[in-house]
Every structure is written in structure tokens, then in C-alpha cells.
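Scroll down for the structure; my scribbles are underneath it.
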Amino acid sequence: MKILLCLCFSFFFTCLHSQKIEVGKNRAIKTIKKAIQLANPGDTVLVYKGVYREGNIVIDKKIILQGIGFPILDGQKKYEVVSIKADSVTIEGFKVINSGYASLNDPCGIKIYNKTGVTIKENILENNFFGIYVQKGIGCIIKNNTIKAHQKQEQRIGNGIHCWKSENLQIVGNQVSGHRDGIYFEFVSNSIIWRNISKSNIRYGLHFMFSNDDSYISNVFKNNGAGVAVMFTKNVKMFHNYFAENWGDAAYGLLLKEISDSYIIGNKFIRNTSGIYMEGTSRVALSKNIFRDNGWGMKIQASCMENEISFNNFIANTFDISTNGSLVLNHFNNNYWDKYEGYDLNKDGIGDVPFHPLSLFAVLTENNPSAMLLFRSFMITLLDKSEKILPSITPDNFVDQTPEMKSLVL
């Protein structure tokens, strides 16, 4: 009780003594750096519309930095524009442009250095090397920012939202385009990525590395170089995302590499070279997803095991499933396959004949990509039909024993 009273008193005392400092061409204080120097912890610095070229702006005390009319912070292609070096800072309502470029120290539009409780919201960041960078942040919020870049070469641009060695982050409602990776997580735990749109990035819309116990929910990943990559990770929840139009020789909606004990539920994979590519993946539940109009619905490498693929819709994919091995250690149940030609005599909605989703031609093209030249030829159609009747190359146990007769309402 005493602690609660002390906290309440401290909050009241801070609010009572906080002040607003105004910055602008027609104000007494002309520069943001001067306002920060004059501010006390808890103060609000109001920056009015205009262009501010002040080099590297360092925020080293707990303040709210608020833009009125989207004032422009211009790094002039020389500086990191804003560096946050205090806890509980808020930055809101700015247009941050033209950070410097350097491959050693990664200059950014806005960077958080080892701090807690920082909020960056409602900003526009354009033409920066890295957009927003969270380094060893705890409990930080990156919300409703628009982050754009225009480079065409991967090595000339950083990531839109880059998070490293952080925890309890909230990445919410941002729009990211034109960067190397739209959103990047490395050694980030217990964090959420929610309602973001990441599109037209050079490499990945979202890139996970060594980041456990995170969730990404209701995001759009569209027209990126290679969709989303989740690597060397466990306990990830991937719910209700939209993966679309990620095309290329080595492109996919979602790459899973060396991940385990995760959930992929309620997502849509539409018009990708491969909806999902799985390698070294184990104990992952894939359920209630839609795979439609992809080259391959799923590519499951022989190194994958104990994955449960159930209650998904596979519609109008060139190949629903492909693999590079003969040993099947994954389980398919109650999926809808538009290529299923079986029957349902007892009218229970489940096909009476098991479905083998792996076609002979899918096996041939996995080992010999040039065989795609024969796609839709009469000979290949005949071979596929023969393989369904008398399997000889495709594994017998690569099978859905309970295929759904009608597409599932997801």
C-alpha cells in the first residue's frame, strides 16, 4: 500500500511540475536541441511545422517530443537523425528523412539505445538507411508509423523496423515498404507484431532469427522478395496473416527453417511461388489456413517431422504438396483438396477413399526442375493418373486418410 501511494504521489508530482516547451520559427526557442537542453524530465516539447536540420538529435531525458503538422527532421544524408538514450521517451507526429548511410554503425531515422518503455508512434520515416531501430529495448511500442525507402539494391539499405536483443515489444499498425527487410527480429522474445502492412521490400516482409515466444497476428506481407522467414526459433504463434504475391525462383509466402513447437493458424497464402517452405521443422501445428493459386501450396523437406497439417483448404495450386524424400514423418488430416476425386457414400462429409496429395510430377520436378517444361503434357497427366492407382514412386504413407469433401469455412 505504501509503495502504491508513493508511485501515485510521484506521478502527481511529475504532472504538476511538467511544462510545455514550444519550438518553431515564430517561437522563442528555434531549435529542438535547445528545447531538449532546457527541458526537465516529464516535460513536453512541442515542435511546430517546418524543416529542422540539426544533425544528430539526442534525447537523454524522459520527455514527450511531439510534432504539430508533421515537422521535418532532415538528417541531410549525413547523420543518425534521432537517438533515444533515456527511458520512457515518446516521439510522435514527425517526418524523419535522409539519415546517413554507413554499414558499420547503422545510422537510423530513429534509434533506441538500451532503454525501457519508449514509444514511437504516428510518424513518417522516409529515405533512411534503417527506419526505426530498437537495440536492447524492453517494453517499447512502435505504433502506426509509415516507413518508406526507395533503394533497389539490398546492400544499400537497412531494415524498416529492426529489433535486436529486446523483449516485450509491441510492433503495431505500421506500414513498411522499400527496405531490405520490412520488419526484422533477432534475439527478441515475448513480443507481438500485429496489424502491420509490409510490402514491396527487397528481401523479406518479416525476418525472424533466434527469437522465441513471439506472436505475429493479422499482418499483410505482400509482393516482397521472399515473403516471411522464421529461422532457428521456437514457440512462435502465426495467426491470421495474409501472404500474397511473393514471386521468384527462390520465393515463398513463408519460410520455416529449424523451428519447432509453433502454431500456424488461420492464415491465407495466395499467389506465391510456394505458400510455405519447410526445412528442419518439427512439432508445428498448421490448421485452418487457405492455400490458393500458389505454384506449390507447401514444400516439405525430408528433414521435417511430427508436424500436424489439418483442416486446411488447398485450392487451385499447381502442386498442393512437394517433398524431396521418401520418409514421411508428418501427418495430414481433414484437409480439403480440390484435386480429390473420391466419393462419400455415407454422406458424412469425409471422403471414403484416402487422398495422396503428392503427385508423381511434383516428385519429378523437385529432383529435376527442368521437367516443368513437360507440365500439362498428355504423358505427365497419364503418369499421374497411373501413380494414383498403383503408387510406385510417391510414398504410400504420404496421405490424408480423412479428406474433406467440401471446402472448409475458415
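Positions are given from 1, in the same order as the sequence printed here. When reading the values below, keep in mind they use all heavy atoms of this one structure, side chains included, and skip hydrogens, waters and symmetry mates.
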Atom CD1 of I120 and atom CD1 of I161: how far apart are they, to the nearest 0.5 Å? 9.0 Å
Using a 3.5 Å distance criterion without hydrogens, assess whether the side chain of N145 forms a donor-acceptor pair with backbone atoms of I124. no
Would a distance-only check, ignoring hydrogens and angles, find a side-chain to backbone donor-acceptor pair under 3.5 Å from D181 to N159? no
If I compare all heavy atoms of N174 with all of K143, which pair ends up nearest, and what's the gap? OD1-C, 3.5 Å
Search all heavy atoms of K234 against all heavy atoms of S262 and return the closest pair with its distance. C-OG, 4.0 Å
Answer yes or no: is there a donor N or O on one side and an acceptor on the other, between the side chain of N190 and the main chain of E167, under 3.5 Å? no
Once side-chain hydrogen bond (donor to acceptor under 3.5 Å, both in side chains) is applied, what residue pairs with a partner in residues 127-142 remain, sequence neighbours excluded? N98-N127, N114-Q135
N333 backbone acceptor or donor facing S310 side chain under 3.5 Å: no
How would you list, by chain and number, every residue that makes a side-chain hydrogen bond (donor to acceptor under 3.5 Å, both in side chains) with Y113, sequence neighbours excluded? E80
Side-chain donor/acceptor of D43 to backbone N/O of I63, under 3.5 Å: no
Please examine the side chains of K111 and F130, heavy atoms only from C-beta on, and report whether any two atoms are closer than 4.5 Å. no
Partner of Y52 under side chain to side chain contact (heavy atoms under 4.5 Å, CB included), picked from V23, I57, I72, is V23
How would you list, by chain and number, every residue that makes a side-chain hydrogen bond (donor to acceptor under 3.5 Å, both in side chains) with N56, sequence neighbours excluded? S83
Under the salt bridge (charged side-chain N to carboxylate O under 4.0 Å, His left out) rule, collect the residues that match up with E245, sequence neighbours excluded. R271
Is N123 reaching over with its side chain to a backbone N or O of G93, donor-acceptor style, under 3.5 angstrom? yes
Do V220 and K199 come within less than 4.5 Å of each other through their side chains, counting heavy atoms only? no
Do F398 and H356 have side chains that get closer than 4.5 Å, going by heavy atoms? no
With distance as the sole test, does N201 use its side chain to make a donor-acceptor pair with the main-chain N or O of G178 at under 3.5 Å? yes
Over all atoms of both residues, closest heavy-atom pair of Y204 and A226: CD2-O, 3.6 Å
Just checking K222: does its NZ atom have more than 12 heavy atoms from other residues, nucleotides or ligands closer to it than 6.0 angstrom? no
Over all heavy atoms of both residues, which pair between I300 and M298 is shortest? Give the atoms and the distance, please. CD1-CE, 3.8 Å
Check whether more than 12 heavy atoms from other residues, nucleotides or ligands sit under 6.0 Å from atom NZ of K33, and answer yes or no. yes
Under a 3.5 Å cutoff, is there a donor and acceptor pairing between the side chains of D400 and W337? yes
Side chains of L73 and I32, heavy atoms from C-beta outward: is any pair under 4.5 Å? yes
Could you check Q175 against N196 for side-chain contact (heavy atoms from CB on, under 4.5 Å), going step by step and ending with a plain yes or no? CA-CA 6 Å; Q175 297 190 40; N196 302 279; over 6 Å; no
Could you check whether any side-chain heavy atom of V47 comes within less than 4.5 Å of a side-chain heavy atom of L65, counting everything from C-beta outward? yes
Residues N334 and T402: side-chain donor-acceptor under 3.5 angstrom: yes
With a 4.5 Å cut-off on side-chain heavy atoms, are R195 and V172 touching? yes
From K257 NZ over to C304 SG, what is the distance, rounded to the nearest 0.5 angstrom? 10.0 Å
Calculate, to the nearest 0.5 Å, the distance between atoms CD1 and CG belonging to I290 and D293 respectively. 11.5 Å
State, yes or no, whether a side-chain contact exists between K339 and F314 at a heavy-atom distance under 4.5 Å. no
Backbone N/O of N168 and side chain of S191: donor-acceptor pair under 3.5 Å: yes
Write out all pairs satisfying salt bridge (Lys or Arg N to Asp or Glu O under 4.0 Å) with one or both partners inside residues 306-317, taking only residues at least two apart or from two chains. none
The ring-ring contact (aromatic ring centres under 6.0 Å, His included) partners of Y101 (sequence neighbours excluded) come to F129
Run the side-chain contact (heavy atoms from CB on, under 4.5 Å) test on F332 and V399 for me, step by step, so that the C-alpha distance in whole Å, both residues' side-chain angles and the decisive distance to 0.1 Å come before the verdict. CA-CA 6 Å; F332 295 84; V399 61; over 6 Å; no
Value rounded to 0.5 Å, distance of NZ in K95 from CG in L125: 10.5 Å
Could you pull out the closest heavy-atom pair between K115 and C140, with the gap in Å? O-SG, 3.7 Å
With sequence neighbours excluded, residues passing salt bridge (charged side-chain N to carboxylate O under 4.0 Å, His left out) with D87: none
Say whether N272 and N294, considering side chains only, have a donor N or O and an acceptor N or O under 3.5 Å apart. yes
Across all chains, not counting sequence neighbours, the ring-ring contact (aromatic ring centres under 6.0 Å, His included) partners of Y340 are F355
Nearest-0.5 Å distance that lies between atom CD1 in I217 and atom CE in M238: 11.5 Å
Run the side-chain contact (heavy atoms from CB on, under 4.5 Å) check on N219 and S198 step by step: do they pass? CA-CA 8 Å; N219 302 282; S198 184; over 6 Å; no
Are T273 and W296 side-chain neighbours, meaning at least one heavy-atom pair lies under 4.5 Å? yes
Going by the rule salt bridge (charged side-chain N to carboxylate O under 4.0 Å, His left out), which residues pair with E122 if we only count those two or more places apart in sequence or in a different chain? none
Between CD1 of I183 and CD1 of I171, what distance do you get to the nearest 0.5 Å? 7.0 Å
So which heavy atom on S99 is nearest to which on C108, and how close? CB-O, 3.5 Å
Side-chain donor or acceptor of N267 paired with backbone N/O of F243 under 3.5 Å: no
Can K148 and E126 be counted as an ion pair, charged N to O under 4.0 angstrom? no
Please report the C-alpha distance between I59 and I36 in whole Å, then the side-chain angles of each, then the deciding distance to 0.1 Å, and finally whether the side-chain contact (heavy atoms from CB on, under 4.5 Å) criterion is met. CA-CA 7 Å; I59 303 175; I36 293 171; 3.9 Å; yes
Can you name the salt bridge (charged side-chain N to carboxylate O under 4.0 Å, His left out) partners of D214, sequence neighbours left out? none
Ring pair (Phe, Tyr, Trp, His ring centres under 6.0 Å): pairs with one or both residues in residues 169-201, sequence neighbours excluded: H162-Y184, Y184-H207, F185-F208, F187-F210
Partners of D261 by side chain to side chain contact (heavy atoms under 4.5 Å, CB included), sequence neighbours excluded? N235, R283
Checking S274 side chain against Y252 main chain: does a donor-acceptor pair fall under 3.5 Å? no
